[in-house]
There are 2 protein chains.
Amino acid sequence: MNEIRVLLVDDHPVVRAGLTAMLSAFEGISVAAEAADGGAALRELERLRILGDDVDVVLMDLQMGAGMDGVTATSRIRRLEKPPPVLILTTYDTDADILAAVEAGASGYMLKDAPPEQIRQAVLAAAAGQTALAPKAAALLMDRISNPATALTSREIQLLELLATGLTNRAMARELFISEATVKTHLVHIYSKLGVDSRTAAIAAATQRRIIRAPGQQA
Amino acid sequence: MNEIRVLLVDDHPVVRAGLTAMLSAFEGISVAAEAADGGAALRELERLRILGDDVDVVLMDLQMGAGMDGVTATSRIRRLEKPPPVLILTTYDTDADILAAVEAGASGYMLKDAPPEQIRQAVLAAAAGQTALAPKAAALLMDRISNPATALTSREIQLLELLATGLTNRAMARELFISEATVKTHLVHIYSKLGVDSRTAAIAAATQRRIIRAPGQQA
DNA sequence: CCGGGTGTCAACCATTCGGTTGACCCCTCG
DNA sequence: CGAGGGGTCAACCGAATGGTTGACACCCGG
């Protein structure tokens, strides 16, 4: 059978080198190209397509130091014609990251500290059109379905992230291009879902449950 | 001349593979051993010493999924007899990370997104007993020396910790057996020292600089 | 002994925040 | 097509917060 051709997207040369070494060591997998950010990834895909030389799986990091981030890149890729499956391979497993990735159209979510064999399995699954989820990611999505009442929407999580950076309602409104009234509405919903009654308590609860990352934990 | 022998400490197999591939490609550098966390690193060092086969540089990640973290491991290593230089190679460049690493006795601080050549230079510098700092790390240390006026009092830190749990001023006052007025006074001082102007921003700033620990952030 | 930092407290005021009600649009799913 | 959920917005009110000024007591070190 044909080799599975992978496009690596990660801003760290070290990680790209590691994945290249790791994946190339496996039978049936080869690294077709690398990119340091989302924009470069899209250009690579375009270039390879012109060569009639498509990739079977995109292996994408979420956090990029600069340029287009992984979520944006994933949704862009998924809007191409006949898009390749995008397998997220990242460091974190917070609700916010997982949800954003899945909503962007990722077909899998793996963590970088996974053993090589698991990463290989995930690449094979993605190439076959299946999904491969890290346990935390799978659990989160299951919980979403069974218990959507206490689940925050992605918009609410987005707000929560801004909240945790210390922004005022007005600043968040400007950031999200919505009115201050809407921000307050969202906050009320967030409070009730988290069982708190103030913004600081919401931050505490959200970081505690790892719904968001504590500020400073992020790139 | 002799090869520079490196001990890799990183919890991600992917990163270890990448560094091994990258460093081995350079003339004069070889990877003597790998470890997945601080404890394993110390055991590796011990083992290699018994074999009379010391390493020249320890390349250490700060964030470990489990086991001894990089800062602890660094200070332990530096307390050995004739300790090898420890070069931090990590993802983040927050104040707290850099300061903790330097205080633990690291002889360098590099970021994983650095180009291979810079990493090579840093390893060579560390092996030669010199220091190698990423630009942001260097800038931070300079700033610390010139501007130490941002130190919080222990009472203020105490308040900050309560603040991060989401308490109101009244609740903090009750907790500390002081009046609400005093709480507000402290808060104003905290704001000015942290360069913020709201409680949520104070939490963000304080967790970012690891003046306090984010609630529930222990992994 | 006095200056300065720390911790404490009070009164005041403008702003923001928390919470509610009600409303509209859009999409999806039954 | 209708119901429901998500997202958006507005107006309102009481409560909390932020910001200021001024004050007092304590302790340390010059």
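By convention in this document, chain letters (A, B, ...) are assigned in the order of the sequence lines, proteins followed by strands, and residues within each chain are numbered from 1. Side-chain atoms are counted along with the backbone in the values below, which use heavy atoms only and exclude waters and symmetry mates.
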Checklist entry - From the list C/dT16, D/dG7, C/dG18, which nucleotide is the closest neighbour of the side chain of A/L187? => result C/dG18
Next on the checklist: Distance check needed: C/dT16 P versus A/K184 NZ, whole Å only.
Outcome noted: 11 Å
Item to check | Between D/dC9 (P) and A/R170 (CZ): distance, integer Å | outcome: 15 Å
Item to check | A/R120 CZ: over 12 foreign heavy atoms closer than 6.0 Å | outcome: yes
Next on the checklist: From CG of B/L194 over to P of D/dG18, roughly how many Å is that when rounded to an integer?
Outcome noted: 13 Å
Next on the checklist: Rounded to whole Å, how long is the line connecting atom CG of B/L159 with atom P of C/dC9?
Outcome noted: 12 Å
Item to check | Among C/dG19, C/dG7, D/dT17, the nucleotide that comes nearest once only the side chain of A/Y191 is considered | outcome: C/dG19
Checklist entry - Taking only N and O in the side chain of A/R199, is any of them less than 4.0 Å away from OP1 or OP2 of D/dA16? => result no
Next on the checklist: Base of C/dC17, side chain of A/T168 - is there a donor-acceptor contact under 3.5 Å?
Outcome noted: no
Checklist entry - Around A/R47, counting heavy atoms of other residues, nucleotides and ligands shown, do more than 12 lie under 6.0 Å from its CZ? => result yes
Next on the checklist: With a cut-off of less than 4.0 Å, is there a side-chain N or O of A/N169 near OP1 or OP2 of C/dT16?
Outcome noted: no
Item to check | Atom-to-atom span, CD1 of B/I190 to P of D/dT17 - whole angstrom | outcome: 14 Å
Checklist outcome for this item: So CG of A/L45 and CD1 of A/I50: to nearest 0.5 Å the spacing works out to 11.5 Å
Checklist outcome for this item: From CZ of A/R155 across to P of C/dC26 the rounded distance in Å is 17 Å
Item to check | Among C/dT16, D/dT8, D/dG18, the one nearest A/I178 by side-chain distance | outcome: D/dT8
Checklist entry - Rounded to whole angstrom units, what separation is found between the CG atom of B/L176 and the C1' atom of C/dC9? => result 15 Å
Checklist entry - Which nucleotide in the set D/dG19, D/dC9, C/dC9 lies at the smallest distance from any side-chain heavy atom of A/A181? => result D/dC9
Item to check | Nucleotide nearest A/T185 when distance is taken to its side chain, options C/dC17, C/dT20, D/dT8 | outcome: D/dT8
Next on the checklist: Using side chain to side chain contact (heavy atoms under 4.5 Å, CB included), reason through A/M110 and A/L59 one step at a time and then give a plain yes or no.
Outcome noted: CA-CA 10 Å; A/M110 298 294 297; A/L59 212 51; over 6 Å; no
Item to check | Any B/H186 side-chain N or O less than 4.0 Å from OP1/OP2 of C/dT8 | outcome: yes
Next on the checklist: What I want to check is whether an N or O donor and acceptor connect the side chain of A/S198 with the base of C/dC17 at under 3.5 Å.
Outcome noted: no
Item to check | Spacing of B/E180 atom CD relative to D/dA15 atom C1', expressed in whole Å | outcome: 11 Å
Checklist entry - Under 4.0 Å between a side-chain N or O of B/S179 and OP1 or OP2 of C/dC9? => result yes
Checklist outcome for this item: For B/A41 and B/V9 the tightest heavy-atom approach is CB-CG2, 3.6 Å
